[in-house]
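In this chain, residues are counted from 1 in sequence order. On a predicted model such as this, the values are computed, not experimentally measured, just so you know. Values below: every heavy atom of this structure, side chains too, minus hydrogens, waters and symmetry copies.
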Amino acid sequence: MHVYAPHLLHAPPKPHCHAAALRFTVAASAAAPSAAARRAVIVGGGLAGLAAATHLTSLSVPFTLVEASDRLGGRVATDVIDGYRLDRGFQIFLTAYPECRRLLDFPALRLRPFYPGALVFTGAGEPFYLLSDPFRLPLRSLSAVFSPVGTLADKVLVGLTRLRAAATPDDAILSAPEMTTATHLQQLGFSPSIVERFLRPFLAGIFFDPALDTSSRLFELVFKRLALGDNALPEDGIGAIASQLADRLPAGSVRLNSRAAAIDGSGVTLDTGETIPGDLGVIVAVEQPEAEKLLPQLSIPEKPKKPERSTVCLYFSTDRALVQDPILLLNGSGKGIVNNMFFATNVAPSYAPPGKVLVSVSLVGSFADREDADLADEVVRELGGWFGAGEVASWTHLRTYRIGFAQPDQTPPTTPAGRDPRVGDSLYVCGDHWCSATFDGALVSGRRAAEALAKDRGLST
């Protein structure tokens with residue numbers, strides 16, 4: 001099976017000059033006479049914490065970042081095992097994220113694009129149906145006009161929705177009337193066929209929410225990014241995004257294996273009993289469940305607690321890709337446990353040793369009642385129905401990642417534009433739960449927390 005995929009990343013955006021400024025201010029802050037006297041503390045080294053640290057560095061504000069684990073990056077991480085690059089969970093980078101464009105050096109990430117569309121599995125014995133971006137590949141989109149994945153009106157509506165989203169300012173999207181994505185898709189006029197066979201598995205892979213209870217505002221925001229940019233993977237894995245930010249931080253500013261047990265505006269107490277003073281303030285940048293443990297005032301009592309959005313990602317090694325192009329495959333059959341899968345080495349050959357193919361399979365949910373080996377066997381049996389049992393029998397299971405908390409609750413009502421980071425005297429919060437549940441939301445919230453701290457202390461210019 002072969003789908004032509006042109007090179008999609010035309011002229012990647014140049015890194016913002018801010019990156020160069022950061023490197024300059026690292027040296028400047030190290031020499032500042034007040035650096036040893038008064039510092040801020042950042043709790044958590046995921047994307048939000050790294051963004052906050054990056055901006056404090058650019059403002060020459062000294063800080064200590066404490067991270068509970070033995071590495072930075074939080075959920076944005078890649079393990080290198082026997083030459084395979086295994087991202088911790090299914091994650092795709094959208095090149096149209098504006099904060100990412102401002103903060104990251106795109107050329108250094110060596111982004112590798114996906115085909116602008118998807119192959120949809122509708123049932124055993126049926127062909128895979130190709131859905132392509134009608135504006136990037138109009139001729140290839142014609143082949144999908146009469147496919148059973150949606151009606152002709154659906155295909156036209158996808159194009160119109162794409163045009164509208166691309167032309168709508170972010171402020172208008174974030175202030176629009178809010179409802180669930182499922183209700184929004186129905187009001188837009190999409191048929192059950194295209195929702196069940198394409199939109200539901202596609203969006204479930206992004207939001208880990210097969211019920212499509214996610215806010216319509218977040219759907220529109222992500223749909224806009226999909227329309228304006230490419231889906232891609234960094235050549236060195238999704239963890240390269242966090243590594244790029246971490247490499248900019250001043251030497252000695254990070255403490256790993258340091259878990260916060262208590263926090264107030266004056267500092268952070270670790271689980272060892274040690275207290276780290278935060279004379280300039282404390283920025284809490286951990287994921288939502290941990291943030292609410294450390295700062296109970298963050299809980300919203302009037303909003304019922306939803307089950308955590310969990311995902312399981314399984315990796316397999318094989319010698320041959322059963323699809324030859326960098327394209328996402330969606331389960332549009334309504335049966336089975338697989339939500340989506342792709343041959344990662346078709347996107348970035350660096351994800352596996354030479355001559356090997358890496359297969360990434362994503363499930364939505366925790367599947368806590370199944371052992372890893374049993375779950376891997378079930379996935380292989382199911383994909384045997386997609387490709388033929390003989391084609392997948394030789395796959396070798398490499399690793400299973402269970403991400404218990406994959407995303408914060410994004411059901412209405414939400415504030416995807418972000419909330420004020422100030423939650424107490426000298427106390428600030430950031431993270432994707434404090435903004436939109438996207439890479440960009442985490443980075444924006446980290447910047448806003450750093451800017452608020454610097455402004456409150458009279459340290460911003």
With F316, which of F342, W395, Y84 fulfils ring-ring contact (aromatic ring centres under 6.0 Å, His included)? W395

Kindly give the heavy-atom pair with the smallest separation between H397 and D372, and that separation in Å. CE1-O, 4.5 Å

Is there side-chain contact between V347 and N231, with heavy atoms separated by less than 4.5 Å? no

Hey, does T214 have a side-chain heavy atom less than 4.5 Å from the side chain of L203? no

Show your reasoning for whether side-chain hydrogen bond (donor to acceptor under 3.5 Å, both in side chains) applies to D409 and T411. CA-CA 6 Å; D409 176 21; T411 57; 2.8 Å; yes

Could you tell me whether R370 atom CZ has more than 12 heavy atoms of other residues or ligands within 6.0 Å of it? yes

Strictly below 4.0 Å, N to O, side chains only: are R381 and E378 in salt-bridge contact? no

Centroid-to-centroid, F387 to F128, below 6.0 Å? yes

Please name the pair of heavy atoms, one in G189 and one in D154, separated by the smallest distance, quoted to 0.1 Å. O-OD1, 4.2 Å

Shortest non-hydrogen contact from A260 toward L294: O-CD2, 3.7 Å

Show, in sequence, the C-alpha distance, side-chain angles and deciding distance for V282 and D264, and conclude whether the side-chain contact (heavy atoms from CB on, under 4.5 Å) test is met. CA-CA 7 Å; V282 177; D264 59 37; 6.0 Å; no

Do V254 and L249 touch side chain to side chain, with heavy atoms closer than 4.5 Å? yes

Could you tell me whether the side chain of F439 reaches within less than 4.5 Å of the side chain of L47, counting heavy atoms only? yes

Side chain proximity check, P107 to D105, heavy atoms < 4.5 angstrom: yes

Identified side-chain contact (heavy atoms from CB on, under 4.5 Å) counterpart of F207 within the set V222, L212, T438: V222

Which is it for T311 and Y401 under the side-chain hydrogen bond (donor to acceptor under 3.5 Å, both in side chains) test, yes or no, and what are the steps along the way? CA-CA 8 Å; T311 183; Y401 288 94; over 6 Å; no

Does the pair Q186 and L188 meet the rule for a side-chain contact (heavy atoms from CB on, under 4.5 Å), with working shown? CA-CA 5 Å; Q186 185 178 23; L188 288 174; over 6 Å; no

Answer whether the closest heavy-atom distance between the side chains of D79 and Y315 falls below 4.5 Å. no

If you compare all heavy atoms of E67 against all heavy atoms of G45, which two are closest, and at what distance to 0.1 Å? OE1-N, 2.7 Å

Might you work through the salt bridge (Lys or Arg N to Asp or Glu O under 4.0 Å) test for E235 and R85, ending with a clear yes or no? CA-CA 9 Å; E235 195 172 89; R85 298 184 188 278; over 6 Å; no

side-chain contact (heavy atoms from CB on, under 4.5 Å) between L398 and D82: does it pass, once the steps are laid out? CA-CA 10 Å; L398 296 175; D82 298 330; over 6 Å; no

Within-4.5 Å side-chain heavy-atom neighbours: I194 and L199: yes

Least distance between heavy atoms, V423 atom then Y428 atom: CG2-N, 4.3 Å

Could you pull out the closest heavy-atom pair between E382 and V338, with the gap in Å? OE2-N, 3.1 Å

Do the ring centers of F223 and F202 come within less than 6.0 Å of each other? no

Any ion pair linking R225 and D170 (charged N to carboxylate O, less than 4.0 Å)? yes

Given the options Q410, Q288, R75, D432 meets side-chain hydrogen bond (donor to acceptor under 3.5 Å, both in side chains) only with R75

Is it true that, when you exclude E196 itself, more than 12 heavy atoms of the residues, nucleotides or ligands shown sit nearer than 6.0 Å to its CD? yes

Examine distances only and state if a side-chain atom of E99 and a backbone atom of S445 form a donor-acceptor pair shorter than 3.5 Å. no

Are there over 12 heavy-atom neighbours, none belonging to D369, within less than 6.0 Å of that residue's CG? yes

Return a table of donor-acceptor pairs under 3.5 angstrom between the side chains of residues 351-368 and protein atoms on other chains or two or more places apart.
from	atom 1	to	atom 2	distance (Å)
Y351	OH	D87	OD1	3.4
Y351	OH	D87	OD2	2.8
K356	NZ	D319	OD1	2.7

Salt bridge or not for R164 and E220, using N-O below 4.0 Å? yes

May I ask you to test the I276-R255 pair for a side-chain heavy-atom distance under 4.5 Å? yes

What is the ring orientation for F93 with F106, classed by angle as parallel under 30°, tilted 30 to 60°, or perpendicular over 60°? perpendicular

